[in-house]
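Notes for the one structure printed next.
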Amino acid sequence: MASVQLFIGGLTRIPEHGQSTGIYKCTVAGPLDLAADGLRGDVQADRRVHGGPDKAVHHYAAENYPLLAARLPTIADQLVPGSIGENVSTTGFDESGVCIGDIFVLGRAVLQVSQPRSPCWKIDHRYACDGVARLIAETGLTGWYYRVLEPAAVCSGEELELSERLTGAVSLQELWRLWREHRPDPAELARVAAAPGLTAAWRRKLLDRCGWLRNAAATILAPASRTGRD
């Protein structure tokens with residue numbers, strides 16, 4: 001169980017890229033309505049990769065920030081809760097202990113972990129520092145998304161509690177480690193792809209890579225097999 005801090009934000013223009021971002025957020029006390037598409041008043045710029053029912057709420061562990069700051073001392077003072085664009089910040093839950101499909105209760109709202117957050121270039125822009133997104137990817141300090149199973153009004157200071165862990169659950173850390181491996185075991189990819197609660201997009205990515213690796217292995221073995229028959 002952990003006390004939450006909530007953040008929402010509008011759009012900020014990035015003129016040099018001709019784009020907008022919703023990464024700049026401010027803390028709010030609430031109550032705020034939490035619906036299937038996220039917190040009332042929160043906006044995402046690129047709905048292809050942010051927001052929607054499977055990525056309605058972004059959670060980032062507050063304890064990740066000191067770990068990043070130790071590797072990025074020039075921007076340490078900027079690495080504070082809310083700065084990476086999360087909606088929910090807590091101390092006590094992180095990628096090593098949270099699993100895909102975990103069901104959490106926040107007040108009367110019910111949330112389910114759906115996938116990790118994939119870091120993008122807008123994180124580097126946010127901190128005006130190259131390499132932040134790369135470091136997040138390398139360390140697996142990604143944060144994660146929730147889908148909303150039961151909407152309700154929520155407030156900062158309410159307790160977030162793990163309610164249920166599903167059979168076959170896979171930690172966010174394990175999923176990310178396997179995804180980042182150069183040549184992971186296809187059977188392990190298939191196992192992780194079957195994790196209950198994982199988004200269809202991530203399941204497809206994992207299974208596509210699993211298929212590619214198996215086909216590549218078969219292609220390598222085929223000439224040796226033919227040679228052996230000659």
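The residues of the chain are indexed from 1 along the displayed sequence. Any value given below was found using the heavy atoms of this structure, including those in side chains, with hydrogens, waters and symmetry copies removed.
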**OP:** Would you mind reporting whether Ile100 and Pro116 have side-chain heavy atoms less than 4.5 Å apart?
**Re:** yes

Original post:
Are Leu166 and Val170 linked, directly or through other ILVMFWY residues, by side chains that come within less than 4.5 angstrom of each other?
Top reply: no

Original post:
Which distance, rounded to the nearest 0.5 Å, do you find between the NZ of Lys25 and the OG of Ser89?
Top reply: 13.5 Å

Original post:
Within a reach of under 6.0 Å around CZ of Arg165, are more than 12 heavy atoms found that belong to other residues, nucleotides or ligands?
Top reply: yes

Original post:
Given Glu95 and Thr142, is the side-chain contact (heavy atoms from CB on, under 4.5 Å) satisfied, shown in steps?
Top reply: CA-CA 8 Å; Glu95 293 81 0; Thr142 61; 4.2 Å; yes

Subject >> Heavy atoms from other residues, nucleotides or ligands near CZ of Arg71 exceed 12 (cutoff 6.0 Å) >> reply: no

Original post:
When you measure from the side chain of Gln5 to the backbone N and O of Ser156, does any donor-acceptor pair fall under 3.5 Å?
Top reply: no

Original post:
Should Leu111 and Val105 be regarded as members of a common hydrophobic cluster, given that ILVMFWY residues are connected when their side-chain heavy atoms come within less than 4.5 Å of each other, either directly or indirectly?
Top reply: no

Subject >> Heavy-atom side-chain contact between Phe7 and Val28 under 4.5 Å >> reply: no

Subject >> Validation row: Ile103, Val113 side chains within 4.5 angstrom (heavy atoms) >> reply: no

Subject >> Partners passing salt bridge (Lys or Arg N to Asp or Glu O under 4.0 Å) against Arg177 (at least two apart in sequence or in another chain) >> reply: Glu181

**OP:** Give me the ring orientation class for Tyr146 and Phe104: parallel if the planes are under 30° apart, tilted from 30 to 60°, perpendicular past 60°.
**Re:** perpendicular

**OP:** To the nearest 0.5 angstrom, please state how far the OG atom of Ser114 sits from the CG atom of Asp102.
**Re:** 11.5 Å

Original post:
Between atom CZ of Arg134 and atom OG1 of Thr139, what is the distance when rounded to the nearest 0.5 Å?
Top reply: 11.5 Å

Original post:
For His58 and Arg117, what are the C-alpha separation, side-chain angles and deciding distance, and is it a side-chain contact (heavy atoms from CB on, under 4.5 Å)?
Top reply: CA-CA 8 Å; His58 175 215; Arg117 179 196 184 177; 3.0 Å; yes

**OP:** With side-chain contact (heavy atoms from CB on, under 4.5 Å) as the test, would you mind laying out the steps for Ser83 and Arg126 before giving the verdict?
**Re:** CA-CA 8 Å; Ser83 64; Arg126 164 67 179 86; 3.5 Å; yes

Original post:
Between Arg183 and Ala216, what is the shortest heavy-atom contact and its length?
Top reply: NH1-CB, 4.4 Å

Original post:
Between Asp124 and Val132, what is the shortest heavy-atom contact and its length?
Top reply: OD1-N, 3.0 Å

Original post:
Between atom CG of Leu141 and atom CG of Leu135, what is the distance when rounded to the nearest 0.5 Å?
Top reply: 7.0 Å

Original post:
With hydrophobic residues grouped by side-chain heavy-atom distances under 4.5 Å, do Leu39 and Tyr145 end up in a single group?
Top reply: no

Subject >> Nearest atoms (heavy-atom pairs only) where Pro196 meets Ala169 >> reply: CD-N, 4.2 Å

Original post:
Counting distance only, does the side-chain N/O of Thr90 pair as donor-acceptor with the main-chain N or O of Gly92 below 3.5 Å?
Top reply: no

**OP:** State, to 0.1 Å, how close Ala109 and Val154 come at their nearest heavy-atom pair, and which atoms those are.
**Re:** CB-CG1, 3.9 Å

Original post:
What's the shortest heavy-atom distance between Leu189 and Pro184, and which atoms?
Top reply: CD1-CG, 3.8 Å

Subject >> Verdict with supporting geometry, Asp42 and Asn87, side-chain contact (heavy atoms from CB on, under 4.5 Å) >> reply: CA-CA 8 Å; Asp42 192 51; Asn87 301 116; 3.0 Å; yes

Original post:
Atom CD1 in Ile123, atom CG in Asp130: separation rounded to 0.5 Å?
Top reply: 13.0 Å

Original post:
Pick from Cys120, Pro119, Ser118: which one makes a side-chain contact (heavy atoms from CB on, under 4.5 Å) with Ile136?
Top reply: Pro119

Original post:
Can the positive tip of Arg209 be found less than 6.0 Å from the middle of the six-membered ring of Trp179, inside 45° of the ring normal?
Top reply: yes

**OP:** Classify the angle between the aromatic ring planes of Trp144 and His59 as parallel (below 30°), tilted (30 to 60°) or perpendicular (above 60°).
**Re:** tilted

Original post:
Are Glu174 and Arg191 close enough for a salt bridge, meaning some N to O gap below 4.0 Å?
Top reply: yes

**OP:** For the residue pair Tyr65 and Tyr60, categorise the inter-ring angle as parallel (less than 30°), tilted (30 to 60°) or perpendicular (more than 60°).
**Re:** perpendicular

Subject >> Shortest non-hydrogen contact between Gln115 and Leu172, atoms and distance >> reply: C-CD2, 4.1 Å

**OP:** Examine Ile84 and Ile8 and state if one hydrophobic cluster contains both, with Ile, Leu, Val, Met, Phe, Trp and Tyr joined whenever side-chain heavy atoms are less than 4.5 Å apart.
**Re:** no

**OP:** State the SG-CZ distance between Cys210 and Arg203, to the nearest 0.5 angstrom.
**Re:** 13.0 Å

Subject >> Step-by-step side chain to side chain donor-acceptor pair (under 3.5 Å) determination, Asp94 to Gln173 >> reply: CA-CA 9 Å; Asp94 64 17; Gln173 183 180 72; over 6 Å; no

Original post:
Do the side chains of Arg147 and Lys55 get nearer than 4.5 Å, heavy atoms only?
Top reply: no

Subject >> Cluster link Leu67 to Leu72, ILVMFWY, side chain under 4.5 Å >> reply: yes

